[in-house]
Asks: 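Provided herewith is a single structure, encoded as structure tokens, for subsequent inquiry.
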Amino acid sequence: MKYNQYAYVTTPLEKEINELQAIDFLPSNYSNYSLTELFGLLVKQTIAEAKTAESKTAKMIEFAVSETTVLADYLKESHDSINPKAFYNVALQLLGYHVEYDYQLSDPLAFMKKQALPYKEEIGSINELIDAFYRLLNTRSKNGQLLIDVMAGKGYFVPFWGKKQFLFFNGKALPVFDTSKVIREVVYVESDLDTDEDGKSDLIQVTIFRPAGSSKELPVPALYTASPYFGGIIDNVKRNHSVDENLSDATLWSNPQYQAAPIVSANQPRDSDAPASEEAVHKGSYPLNEYLLARGFASVFAGGIGTRGSDGLRITGAPEETESAKEVIEWLHGDRIAYTDRSRTQETKASWCNGNIGMTGRSYLGTLQIAVATTGVAGLKTVVSEAAISSWYDYYREHGLVIAPEACQGEDLDLLAETCQSNLWDAGSAIKVKPKYEAMQKRLLEKSDRITGQYSDFWEARNYRHHTDGIKCSWISVHGLNDWNVKPKNVYKVWQKVKQLPIKHHLFLHQGPHYNMNNLVSIDFTDLMNLWFVHELLEVDNHAEKQWPTVMIQDNLQADKWHEENDWADEIGQKVTYYPTDELDLQKDGNGKAKLSFVDHGGQDFKAAKISESDWQYKFICGDEKWAKPSLRFTTEEYIHPVTIVGRPEIKLRVAGSLPKGQISVALVEIADRKRLTATPKFLMRGGQELGYRFGTDTLQEFVPDKLTHAKLITKGHMNLQNYQDMKKPSKIKADQFVDLDFKLQPTYYQMPVGSKLALIVYSTDQGMTKRPLEDETYTIDLANTELHFYQK
């Protein structure tokens, strides 16, 4: 598999020499060495685990330059040039590859090409040798990390600890901060909120891990992760809401209003700055933060209102959540007061912070990044938002229906608030907030309206996309194309807004579900983020903003292939229209006039079968006779050349239900018997990546070809029949009344390989996402007024 490397910054030789000397790798008198002597010295420098000159020299017998010669013997002779085969045999061993198992000593360059590892054709001078070593130190090793990071994990930079300065190499920060002396402290930021209505401003507990030496004299940037899970989760929550119930008449809906919590103005910052008096007992929960902590970036966590150590209530998705997360940045930037403890007597400042803050995190943590960015808060310079919700309606609802996140049937705003209300774990806090918490639970359940699933002012208050004009910071979004928890519509729709703003913006789309991508083999994401944060938060001109394409999309056939695009939208493809006919075939020029029907049994058969939602979905898309019966399926001929479906497919269909209510689901599926990539990345080297010197590890992983499967879900969507006139307002319908539905499916970027077929499936109950009615309903589709539109490359 290729180890793609987008974060390498092309560097002139003079700067290479300066950087190598700055890390004590290249001696100042290097020109006095012969080519062979310098080669030997630089190899020894790379062996960071050997701490003395004698032990490094002894290690030379462990390396081979050819099938017959070890490095120790090679260095005994003088060479006018270093044979590239000899150099890269040693280089591959330094990178962690094993002779015979990974590559052959007879042809190391063939392996370099196969793995997309950089190499030089000639090494005939001192300068060429220096350039080759500089590039080698900046090459990804077998464990996925740069060789210089592998050396760091073995203690190479320990002699630099205590120098109280940042050090950069190829535009990235190096781990020159003492990870054995990380400062761990807790402070309490005073909010303007009073969500528990006790007449006092809510305090927000903030946990800080910062480098030893960070101070007014050496201010450092902060990576802030707003994590409602940081204080722990209430994992004994009540059973999720039942979805085994009949659909309601959606016209019973009555636009619930958003109700704001009371405001109590906080005190203004003063001149006093007492040191924090409480030590952090939590551990950092995000490996990317840990990696960058060793490189000089403080790691800051706060759960926000209602979480353990903080006052207040969880109000999932509400503006109060945004406000409490934003207020931590205001303190970091020097614009808000915080205290050393809950007594509110001694103020403490983030005087160790340089005032530049970036946000990190996935899922709820990424969601709060979008929310906070829309406020335009001073000090927030960039966000790296992964698998984030941009509208809570698009998380729990869709087109007038209650729709579950994958594997979370029956979850909703109220239950997520319960999960995160971790201050209930502290008995004193529980006594204070329990009555208000129970009232809030009832309010969230009522206002979120699980009965009809309609859009309302309550959901409007939880739609961050309507406030993107406030965004001033640079932007990186990361999302899985197979994420059916936070469905891709969330990132697609916010991307359409962000790309129009006068800010730096990038998008990464990987092949995973609800997943991080900082440790994938196929892309050097951690290095890219190192480069990015150095540029955005330390203001180093390392050209990070131009280092990689605007949009990077991982291929669904070859995991080590990344598509480089300028955008992700319908417009990057060409529009195609398919008309399903009564011959159950998709014909571009068809004119089918038949009306076809199917009977939906809701969840009755599913409950009786006692199978999982994921098992049901696979059997369903494969056309298993039992599960395919309540659907209509239309399939193309085999593709004779590869085609990539891009953007958001749109379905237009005329449909009638035998009841005065109904739900329609539509799926696009690739049909072909072949080995597809694993649904989640496979662990390739568990704990194989050192985040610093004896400072935690991460695991190398990647999507790999798996067992033979028959079908793969590309995308799907759902709609309430009663919203046929207005997506935000239901209309009365009669039994057997035909209505015209027009809605878009979840966005995608999916390559259809040669020999595959595209299937359009029209059905009603989606066992994993929609409600599962207890009554039968017959749906009739008028094919003469049904068509599928999508864009393809």
Side-chain angles (χ1 to χ4, degrees), residues 164 181-227 230-231 262-284 293 297-312 320 323-357 377-380 422-423 425-429 431-433:
K164 297 185 179 180
K181 297 179 181 179
V182 171
I183 300 168
R184 306 168 188 271
E185 54 194 9
V186 172
V187 303
Y188 294 84
V189 170
E190 187 173 35
S191 169
D192 285 330
L193 300 167
D194 180 21
T195 57
D196 53 19
E197 301 179 9
D198 65 351
K200 296 189 296 184
S201 55
D202 293 340
L203 290 181
I204 309 300
Q205 186 185 79
V206 180
T207 299
I208 302 143
F209 307 101
R210 56 186 175 94
S214 54
S215 61
K216 289 181 180 179
E217 291 69 37
L218 182 66
V220 302
L223 295 178
Y224 166 41
T225 302
S227 173
F230 186 69
I263 298 295
V264 178
S265 296
N267 291 311
Q268 295 299 308
R270 303 187 295 271
D271 291 334
S272 59
D273 184 12
S277 59
E278 186 174 330
E279 184 178 0
V281 294
H282 287 88
K283 294 181 179 179
L293 175 56
F297 295 78
S299 182
V300 178
F301 292 88
I305 47 174
T307 60
R308 197 168 194 188
S310 299
D311 296 326
E320 289 90 338
E323 178 65 19
S324 74
K326 173 181 73 79
E327 289 168 337
V328 175
I329 293 178
E330 291 174 338
W331 172 70
L332 290 168
H333 192 252
D335 306 323
R336 177 168 292 274
I337 199 168
Y339 301 100
T340 59
D341 57 46
R342 298 188 62 87
S343 69
R344 307 183 193 228
T345 54
Q346 294 192 23
E347 181 183 0
T348 185
K349 295 183 183 292
S351 51
W352 48 265
C353 182
N354 70 356
N356 293 337
I357 298 97
V377 60
L380 180 60
S422 54
N423 64 9
W425 272 355
D426 293 319
S429 295
I431 291 172
K432 173 185 175 184
V433 305

Asks: Let me confirm one number: the NE2-CG distance from H333 to N354, rounded to the nearest 0.5 Å.
Replies: 9.5 Å
Asks: Going by heavy atoms in the side chains, are Y224 and V328 under 4.5 Å from each other?
Replies: yes
Asks: Where the side chain of S191 meets the backbone of L193, is there a donor-acceptor pair that is under 3.5 Å apart?
Replies: yes
Asks: Do side-chain atoms of S422 reach the backbone of T307 as a donor and acceptor pair under 3.5 angstrom?
Replies: no
Asks: Heavy atoms only: give me the nearest S324-G304 pair and the separation to one decimal.
Replies: OG-CA, 3.8 Å
Asks: Could you state the interatomic distance from CD1 (I329) to SG (C353), rounded to the nearest 0.5 Å?
Replies: 10.0 Å
Asks: Mind listing the closest non-hydrogen atom pair of S277 and D341 along with its distance?
Replies: OG-OD2, 4.0 Å
Asks: Donor-acceptor pair, distance only, cut-off 3.5 Å: does the side chain of D202 make one with the backbone of T195?
Replies: yes
Asks: Is there a side-chain hydrogen bond (donor to acceptor under 3.5 Å, both in side chains) between D273 and S351? Walk through the geometry before answering.
Replies: CA-CA 8 Å; D273 184 12; S351 51; 3.0 Å; yes
Asks: For a side chain to side chain contact (heavy atoms under 4.5 Å, CB included) with E320, tell me which candidate from I305, I263, D194 qualifies.
Replies: I305
Asks: By the definition side chain to side chain contact (heavy atoms under 4.5 Å, CB included), identify the one residue from K326, E330, R336 that meets it with D192.
Replies: R336
Asks: Are K164 and E217 close enough, and set up right, to give a side-chain contact (heavy atoms from CB on, under 4.5 Å), and what steps lead you there?
Replies: CA-CA 9 Å; K164 297 185 179 180; E217 291 69 37; over 6 Å; no
Asks: Distance check, rounded to the nearest 0.5 Å: I357 atom CD1 versus F297 atom CZ?
Replies: 12.5 Å
Asks: Just by distance, with hydrogens left out, do R184 and S299 show a side-chain donor and acceptor under 3.5 Å apart?
Replies: no
Asks: Applying the side chain to side chain donor-acceptor pair (under 3.5 Å) criterion to D311, which one of Q205, R342, K200 satisfies it?
Replies: R342
Asks: Residues two or more places apart in sequence or in another chain: which of them pass side chain to side chain donor-acceptor pair (under 3.5 Å) with T207?
Replies: none
Asks: Does D198 reach the side chain of K432, with side-chain heavy atoms less than 4.5 Å apart?
Replies: yes
Asks: Would you say that T225 contacts V300 through its side chain, given a criterion of any heavy-atom pair below 4.5 Å between the two side chains?
Replies: no
Asks: Return the minimal non-hydrogen interatomic distance between A350 and W331, and the atom names on each side.
Replies: N-CZ2, 3.5 Å
Asks: Can you name the residues that form a side chain to side chain donor-acceptor pair (under 3.5 Å) with K349, not counting sequence neighbours?
Replies: E347
Asks: Side-chain contact, heavy-atom cut-off 4.5 Å: R344 with Y188?
Replies: no
Asks: Of T345, T348, N267, which meets side chain to side chain donor-acceptor pair (under 3.5 Å) against Y339?
Replies: N267
Asks: Using modelled atom types only, decide if a donor and an acceptor are shared between the side chain of N423 and the backbone of G312 within a distance under 3.5 Å.
Replies: yes
Asks: Determine the minimum heavy-atom distance between F209 and V182, stating which atoms define it.
Replies: CB-CG1, 4.1 Å
Asks: Taking C-beta and beyond as the side chain, do V186 and I208 meet within less than 4.5 Å on heavy atoms?
Replies: no
Asks: Residues in side-chain contact (heavy atoms from CB on, under 4.5 Å) with S214, at least two apart?
Replies: I183, R210, P211, V220, W352
Asks: Specify the closest pair of heavy atoms between I337 and R270, including all atoms of both residues, with the distance to one decimal.
Replies: CD1-NH1, 3.5 Å
Asks: What are the two closest non-hydrogen atoms of E190 and S201, and how far apart are they?
Replies: OE2-OG, 2.9 Å
